Amino acid sequence: METKYIFVTGGVVSSLGKGIISSSLACLLKARGYRVTIQKFDPYINIDPGTLNPYEHGECYVTVDGHEADLDLGHYERFTNVPTTRANNVTTGRIYQSVIDKERRGDYLGKTVQIVPHITDEIKRNVKYLGNTGNFDFVITEIGGTVGDIESLPYLESVRQLRWELGSNALCIHLTYVPYIAAAKELKTKPTQHSVKQLQEVGIQPDVLVLRTEKDITPEMRRKIALFCNVSPEAVIQSIDVNSIYKVPIKMHEQHLDEIVLRKMCVPIECEPHMDPWMAFLSKMDAATETVTIGLVGKYVELQDAYKSINESLFQAATYNDRKLRLVYIHSERLTSADVADKLADMDGVIIAPGFGQRGIDGKFVALRYCREHDIPTFGICLGMQCMVIEFARNVLGLEGANSTEMDHATLYNVIDLMEEQKSISNMGGTMRLGAYDCRLISGSRVAEAYGKTEIKERHRHRFEFNNDYRNRFEAAGMKCVGENPTTHLVEVVEMPDKRWFIGTQYHPEYSSTVLSPHPLFISFIRAAIAYKADREK
């Protein structure tokens, strides 16, 4: 069939969950046997979120082909089990850069370059790129920001044009907020009416309304919204708060969102979506009564989105191990040798988070020493793995002042050093070691045992590496280099076999953990944490 294009816009306020609604719809369509992908268009001028501070934008997600992307792409993958690429996340910066490059080459033959048609044409080209590959039946496009934002106007104009060009092959879902006024004890529909009116003013009539709400919206109120917004009553759907984002697809299916979309796009409805594996996951989640407690040591712990993929990977792994996850955030800047015992003694396992820069690094060293000496299951990711190496060099190998040259250019023991090919790079954006690389694991290692194989491929986002000049000294003292890139021989994984579970990965396994394919390392880590808890309780 011809590729169908679904556009998801938002109104009233940001952070309503357009990404979760997009992912939920994709999940349902995929469960019906369709080939589905999702893309995000972000209205900021940055080329990508790679140079954005987590305080600005939360986690930076990395695709298999090495693109630094919006964190919503993590949701897309977790809900659909379909890897994303550079084509799945486009920013205004990328759009303008492409148009300016064409103008400089003379592609526009001396014409005046304008928002319409040149910028909008470039947006439309990017929207249709995934569909033109012929690999997808549905392309869901999430438009970042909120209707009414100046930054979003070129995207909305492009959506307006595409809806006319594509006819029944295009559909618009608009997500809005229905606030509850406690003093009046009433839900208010006026913000939704104004939001739809703003969308109509730029020439877009939504086909489906999804109403984000904390309270149940009555059928009468939905009919009122349908009347004022020119939307059929059955296409006004509520998205009420649930205790897990993974229940949203089920809630959407209960209200027939997937059927409404198929019907409006003239696609025959032949069967129910095959959601058995998804429902099995939810059953495990709801049935779990025992808890596993994991401490996450990092410097952005006050930001719920800074470690989003790690949080979700831990939650998925805990669920598959029949446990509820209790995640305790531990600020690495405030962790000292004086209070580390109080903060970590009750943890069943500890994650040392990734990141960049000196801030909070000493707290990670303190945590790692305590975990290593008390044999607590510990997982270091990227910078967390590098901190494992540095702490071991200082306190086991006796290399006083050992460090990464990222933190100390003059260190005598550069156990972590800048990659050779990175030394001549001055631009910060998109220049790290990014994307999926091969890794060969040593047979018999705990990591190989977790994966069930020795040849793997994982995603990276870093500049600094383990210094192989020190490899023999580490291995002789008990920290084994059990995974390496088969071409460059760069160390990818370290572990201490004499510990319960003490493993560091230079790569980011959290990027490839999904609901239906949880990452084996997180599964193994949580299993070790559960066993450690049982030993303590004995």
Side-chain angles (χ1 to χ4, degrees), residues 50-54 60 62 66 68 297-300 332-333 335 352-369 372 378-435 437 439 458-485 487-496 502-508:
T51 56
L52 286 173
N53 191 306
C60 177
V62 177
E68 293 172 293
V297 180
K299 64 179 177 181
Y300 297 119
S332 58
E333 277 192 287
L335 190 62
I352 307 298
F356 296 91
Q358 175 69 38
R359 187 167 68 85
I361 205 81
D362 291 332
K364 291 182 178 181
F365 295 146
V366 168
L368 281 163
R369 181 168 190 170
R372 179 176 55 79
T378 306
F379 194 174
I381 298 175
C382 198
L383 180 62
M385 173 267 206
Q386 295 174 4
C387 288
M388 276 183 167
V389 169
I390 295 166
E391 188 279 325
F392 190 88
R394 290 179 181 181
N395 299 315
V396 177
L397 299 183
L399 303 179
E400 187 178 346
N403 215 329
S404 165
T405 50
E406 179 186 6
M407 316 304 169
D408 180 4
H409 293 291
T411 178
L412 294 175
Y413 306 108
N414 55 334
V415 292
I416 302 294
D417 204 358
L418 189 63
M419 298 165 60
E420 196 59 40
E421 60 267 31
Q422 291 283 324
K423 291 182 179 177
S424 60
I425 291 174
S426 56
N427 282 352
M428 298 300 289
T431 56
M432 287 182 279
R433 188 179 180 210
L434 293 163
Y437 287 85
C439 176
E458 293 282 6
R459 303 181 209 183
H460 292 249
R461 185 176 184 248
H462 61 100
R463 297 182 193 279
F464 292 80
E465 298 277 359
F466 181 94
N467 188 342
N468 271 322
D469 291 345
Y470 293 89
R471 184 166 180 167
N472 291 339
R473 296 171 73 173
F474 274 87
E475 297 206 324
M479 181 172 277
K480 306 297 183 181
C481 301
V482 296
E484 67 171 33
N485 182 281
T487 304
T488 62
H489 302 293
L490 292 170
V491 172
E492 306 278 22
V493 188
V494 297
E495 73 174 43
M496 295 187 68
F502 199 86
I503 293 171
T505 63
Q506 183 59 79
Y507 53 77
H508 289 261

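Just so you know, these numbers come straight off a predicted model, no measurement behind them.
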Looking at [atom1] of [X] and [atom2] of [Y], how far apart are the two atoms once the value is rounded to the nearest 0.5 Å?
X	Y	atom1	atom2	value
L399	N414	CG	CG	10.5 Å
T505	I381	OG1	CD1	5.5 Å
E465	E492	CD	CD	6.5 Å
F466	D417	CZ	CG	11.5 Å
Y413	N467	OH	CG	13.5 Å
I361	M407	CD1	CE	4.0 Å

Any pair with a residue in residues 387-401 that passes salt bridge (Lys or Arg N to Asp or Glu O under 4.0 Å), sequence neighbours left out, goes on the list, sorted by first then second residue, please.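 Pairs touching residues 387-401 that pass the test: R372-E391.
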Whether [X] side chain and [Y] backbone form a donor-acceptor pair below 3.5 Å:
X	Y	answer
Q386	F464	yes
T411	G401	yes
K364	A353	yes

Apply side chain to side chain contact (heavy atoms under 4.5 Å, CB included) to F392 and L368, showing your working. CA-CA 9 Å; F392 190 88; L368 281 163; over 6 Å; no
Before giving the answer on side chain to side chain contact (heavy atoms under 4.5 Å, CB included), spell out for L490 and Q506 the whole-Å C-alpha distance, their side-chain angles and the decisive distance to 0.1 Å. CA-CA 10 Å; L490 292 170; Q506 183 59 79; over 6 Å; no
Minimum-distance pair of heavy atoms, taken over all atoms of [X] and [Y]:
X	Y	value
M388	G380	CE-N, 3.5 Å
V297	S332	CG1-CB, 3.8 Å
P354	H508	CB-CE1, 3.6 Å
C382	H462	SG-CB, 3.7 Å
L434	E68	CD2-CG, 3.7 Å
V62	G435	CG1-N, 3.7 Å

Which donor-acceptor pairs under 3.5 Å do side chains of residues 472-483 form with protein atoms, sequence neighbours excluded?
unit_1: E475; atom_1: OE2; unit_2: C481; atom_2: N; d: 2.9
unit_1: K480; atom_1: NZ; unit_2: E475; atom_2: O; d: 2.9

N403 pairs by side-chain contact (heavy atoms from CB on, under 4.5 Å) with which of I416, D408, V415?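 So the option named by the test is D408.
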Please step through side chain to side chain contact (heavy atoms under 4.5 Å, CB included) for the pair S404 and I390, ending with a clear verdict. CA-CA 7 Å; S404 165; I390 295 166; 3.9 Å; yes
With salt bridge (Lys or Arg N to Asp or Glu O under 4.0 Å) as the test, would you mind laying out the steps for R463 and E406 before giving the verdict? CA-CA 9 Å; R463 297 182 193 279; E406 179 186 6; over 6 Å; no
Which residues pass the side-chain contact (heavy atoms from CB on, under 4.5 Å) test with Y437, not counting sequence neighbours?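 Only R433, H460, N485 meet the side-chain contact (heavy atoms from CB on, under 4.5 Å) criterion with Y437.
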Flag side-chain contact, heavy atom, 4.5 Å: M496 against T378: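 Heavy-atom side-chain distance check fails, nothing below 4.5 Å.
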